[in-house]
Amino acid sequence: MSKEVKAWAATSPEKTEPISITRRAPDDEDVAIDIKFAGICHSDIHTVRSEWGSTAYPLVVGHEIAGVVNAVGKNVTKFQVGDHVGVGCMVNSCRQCTNCQDGEEQYCLSGAVLTYNSRDPKDGTITQGGYSQYLVVDQAFVLRVPETIPLDKAAPLMCAGITLYSPLHHWHAGPGKRVGIIGFGGLGHMGVKLAKALGSEVTVFSQTNSKKELGLRLGADNYVATSEPDVFSKLSRKFDLIINTVSANIPLELYLSCLCRDGSLVQVGAPEHPLQISPFSLDAQRVGIHGSMIGGIAETQQMLEFCGEKQIFPEIETIPASYINEAYERVMKSQVKFRFVIDVSTM
């Protein structure tokens, strides 16, 4: 049977508020999840404010979801009632294209079905996300949370964790590699922890030194303030990989100058305006600028197992649902260290 549940939704670009939504009845391949925690991602705010295109209001956002299995369909073999599970940015894909067949569902050639503000192929409705009590998802897009990861800390791993793990994994971060992380927020601090755990030498690029002590404590080997003079000339050709986590337009050519020959700068932050670079900043040392978007289901599961083994967790601030609007404002002002997580029991 379908189920009416409490949720917290954007009813306009300016406002989120409590509502009730109806979740579809689980089918034979579905897992029904009692949501316990939902992380707040910057992408939620962009979507709520219609900064990335049209938003279908009212919309429940949230794609950092952690909870407990409530029920399973008769064909579900991967999960059982009581399991700790997570859901990230996708809830379906075509599963037929080459990218899906390769386990890279996030690059589905037909377009992955996003956890919110997308069209659910199972019932034709607009998908509603994790700021809610309950969710129904096809088993192929549900992730197992290791027992060694607390559920509140598991939630941000579903987006922030995999968004950084995937490029670090793809570009072979590890022993002997020098990795730079631009920005030290919700994404950046996970990049530092993951890159360090993989064995890389890690440097944070931040505007100021205000978070330097914390950055070094969380695993960075070096922390540089980009507002200080001569920073980029001192770091010329020092890095194998630089990951840009910020969602603002910054002078990427300065960071490209820090890459050694054949180095890569990977863009995971999503600025509102197009990036500006000169071809000469790429040609000089055969460096590249690349994009990366979350990770496939198998890679996300791999990340969760890695984090469980190494005890790599996000730094979180747990909040009630009634604080969501204030939390958004604090995210925009970079006043959170480092990820807000909603306690869904407060809805």
- His84 versus Glu147: any side-chain heavy-atom pair under 4.5 Å? no

- Would you check if Phe141 and Ser93 make a side-chain contact, meaning some heavy-atom pair closer than 4.5 Å? yes

- Item | Ile294-Leu194 co-clustered via ILVMFWY side chain contacts under 4.5 Å | yes

- Query: Do Lys196 and Val179 come within less than 4.5 Å of each other through their side chains, counting heavy atoms only?
  - Reply: no

- Would the number of heavy atoms belonging to other residues, nucleotides or ligands and lying under 6.0 Å from CD of Glu213 be above 12? no

- Measure across Pro121 and Asn92 and return the closest heavy-atom pair with its distance rounded to 0.1 Å. CG-ND2, 3.9 Å

- Please determine if Asp343 and Lys36 form a salt bridge, counting it only when a charged side-chain N lies under 4.0 Å from a carboxylate O. no

- How long is the gap from CG on Asn209 to OG on Ser206, to the nearest 0.5 Å? 7.5 Å

- Asp138 and Arg95: salt bridge (Lys or Arg N to Asp or Glu O under 4.0 Å), yes or no, with the steps? CA-CA 12 Å; Asp138 189 289; Arg95 312 193 203 187; 3.2 Å; yes

- Over all atoms of both residues, closest heavy-atom pair of Gln133 and Lys6: OE1-N, 2.9 Å

- Hey, are Arg49 and Glu51 close enough for a salt bridge, meaning a charged N less than 4.0 Å from a carboxylate O? no

- Item | Check: Leu304 main-chain N/O paired with Gln302 side-chain donor or acceptor under 3.5 Å | no

- Item | From Ile319 atom CD1 to Phe37 atom CZ, the distance as rounded to the nearest 0.5 Å | 12.0 Å

- Min side-chain heavy-atom separation Phe338-Met190 under 4.5 Å: no

- Item | Common cluster, Leu265/Leu164, ILVMFWY with side-chain heavy-atom separation under 4.5 Å | no

- Nearest heavy atoms of Glu64 and Met158, plus distance in Å: CA-CB, 4.0 Å

- Message: As an exercise, state the distance from CD1 of Ile250 to CG of Asn244, rounded to the nearest 0.5 Å.
- Response: 4.0 Å

- Side-chain donor-acceptor pair present, Glu299, His169, cut-off under 3.5 Å: yes

- Verify the cluster assignment for Ile342 and Phe313: are they in a single hydrophobic cluster under the rule of side-chain heavy atoms below 4.5 Å apart? yes

- Query: Heavy atoms, side chains only, cut-off 4.5 Å: are Asp120 and Ile126 in contact?
  - Reply: no

- Message: Looking at Ser110 and Cys94, would you say the former's side chain and the latter's main chain have a donor-acceptor pair under 3.5 Å?
- Response: no

- Item | Main-chain N/O of Cys89 paired with Thr115 side-chain donor or acceptor, under 3.5 Å | yes

- Message: Taking Lys310 first and then Glu305, would you say they form a salt bridge - that is, a charged N and a carboxylate O separated by under 4.0 Å?
- Response: no

- Query: Heavy atoms, side chains only, cut-off 4.5 Å: are Asp34 and Tyr134 in contact?
  - Reply: yes

- Side-chain contact, heavy-atom cut-off 4.5 Å: Tyr116 with Val60? no

- Query: Do the side-chain N and O atoms of Asp102 and Tyr107 include a donor-acceptor pair separated by under 3.5 angstrom?
  - Reply: no

- If we only count heavy atoms from C-beta on, is the Val87 to Leu135 side-chain gap below 4.5 Å? yes

- State whether a side-chain donor-acceptor pair under 3.5 Å links Thr16 with Tyr328. no

- Task: For the pair Val268 and Met293, evaluate side-chain contact (heavy atoms from CB on, under 4.5 Å) and give the outcome as yes or no after the intermediate values.
- Result: CA-CA 7 Å; Val268 298; Met293 184 173 67; over 6 Å; no

- Taking only residues two or more places apart in sequence, or in another chain, which ones meet Thr148 in a side chain to side chain contact (heavy atoms under 4.5 Å, CB included)? Pro146, Gln311

- Evaluate whether atom NZ of Lys122 has more than 12 neighbouring non-hydrogen atoms of other residues, nucleotides or ligands under 6.0 angstrom away. yes

- Item | Lys177 NZ: over 12 foreign heavy atoms closer than 6.0 Å | yes

- Query: How many angstroms lie between atom NZ of Lys212 and atom OG of Ser210, to the nearest 0.5 angstrom?
  - Reply: 12.0 Å

- Common cluster, Val136/Ile21, ILVMFWY with side-chain heavy-atom separation under 4.5 Å: yes

- Message: Apply salt bridge (Lys or Arg N to Asp or Glu O under 4.0 Å) to residues Asp83 and Lys78 and explain how you reach the verdict.
- Response: CA-CA 10 Å; Asp83 284 349; Lys78 298 180 180 179; over 6 Å; no

- Worked check of side-chain contact (heavy atoms from CB on, under 4.5 Å) between Val76 and Val31: CA-CA 7 Å; Val76 173; Val31 176; 4.1 Å; yes

- Item | Heavy atoms from other residues, nucleotides or ligands near NE2 of His172 exceed 12 (cutoff 6.0 Å) | no

- Which atom pair, heavy atoms only, marks the closest approach of Ile316 to Pro156? CG2-CG, 4.1 Å

- Gap between atom CG of Leu216 and atom CG of Asn222 - 0.5 Å precision: 8.0 Å

- Message: For Ser43, is there any backbone N or O sitting under 3.5 Å from a side-chain donor or acceptor partner on Thr47?
- Response: yes

- If you look at every heavy atom in Cys260 and Asp240, which pair is closest and at what distance? SG-OD1, 3.4 Å

- Item | Shortest non-hydrogen contact from Leu143 toward Gly88 | CD1-N, 4.4 Å

- Message: Using only atom types and a distance under 3.5 Å, with no angle test, would you say the side chain of Ser236 pairs donor to acceptor with the backbone of Ser233?
- Response: no

- Does a donor on one side chain and an acceptor on the other come within less than 3.5 Å for Ser132 and Arg23? yes

- Item | Partners meeting side chain to side chain contact (heavy atoms under 4.5 Å, CB included) with Thr226 (sequence neighbours left out) | Phe205, Gln207, Phe232, Tyr255

- Any idea how Phe184 and Tyr223 line up, ring-wise: parallel (<30°), tilted (30 to 60°), or perpendicular (>60°)? perpendicular

- Task: Step by step, work out the salt bridge (Lys or Arg N to Asp or Glu O under 4.0 Å) result for Asp221 and Arg178.
- Result: CA-CA 10 Å; Asp221 297 286; Arg178 292 162 296 180; over 6 Å; no

- Message: Quick check against the 3.5 Å criterion: does Thr300 have a side-chain atom that pairs as donor or acceptor with the backbone of Ile162?
- Response: no

- Message: Pair His63, Cys159 - check side-chain contact (heavy atoms from CB on, under 4.5 Å), show working.
- Response: CA-CA 7 Å; His63 56 210; Cys159 177; 3.5 Å; yes

- Please determine if Arg339 and Asp152 form a salt bridge, counting it only when a charged side-chain N lies under 4.0 Å from a carboxylate O. no

- Verify salt bridge (Lys or Arg N to Asp or Glu O under 4.0 Å) between Arg330 and Glu317, making sure each step is shown before the conclusion. CA-CA 12 Å; Arg330 283 180 57 190; Glu317 180 177 335; 3.0 Å; yes

- Message: Could you measure the distance from the CG atom of Leu252 to the CD1 atom of Ile289? Nearest 0.5 Å is fine.
- Response: 5.0 Å

- Message: Is there a path of hydrophobic side-chain contacts, each under 4.5 Å between heavy atoms of I/L/V/M/F/W/Y residues, joining Val142 to Met303?
- Response: yes

- Message: Walk me through whether Leu259 and Ser264 qualify under side-chain contact (heavy atoms from CB on, under 4.5 Å).
- Response: CA-CA 7 Å; Leu259 290 171; Ser264 296; 5.6 Å; no

- Query: Are Glu17 and Asn325 close enough that a side-chain donor and a side-chain acceptor fall under 3.5 Å?
  - Reply: no

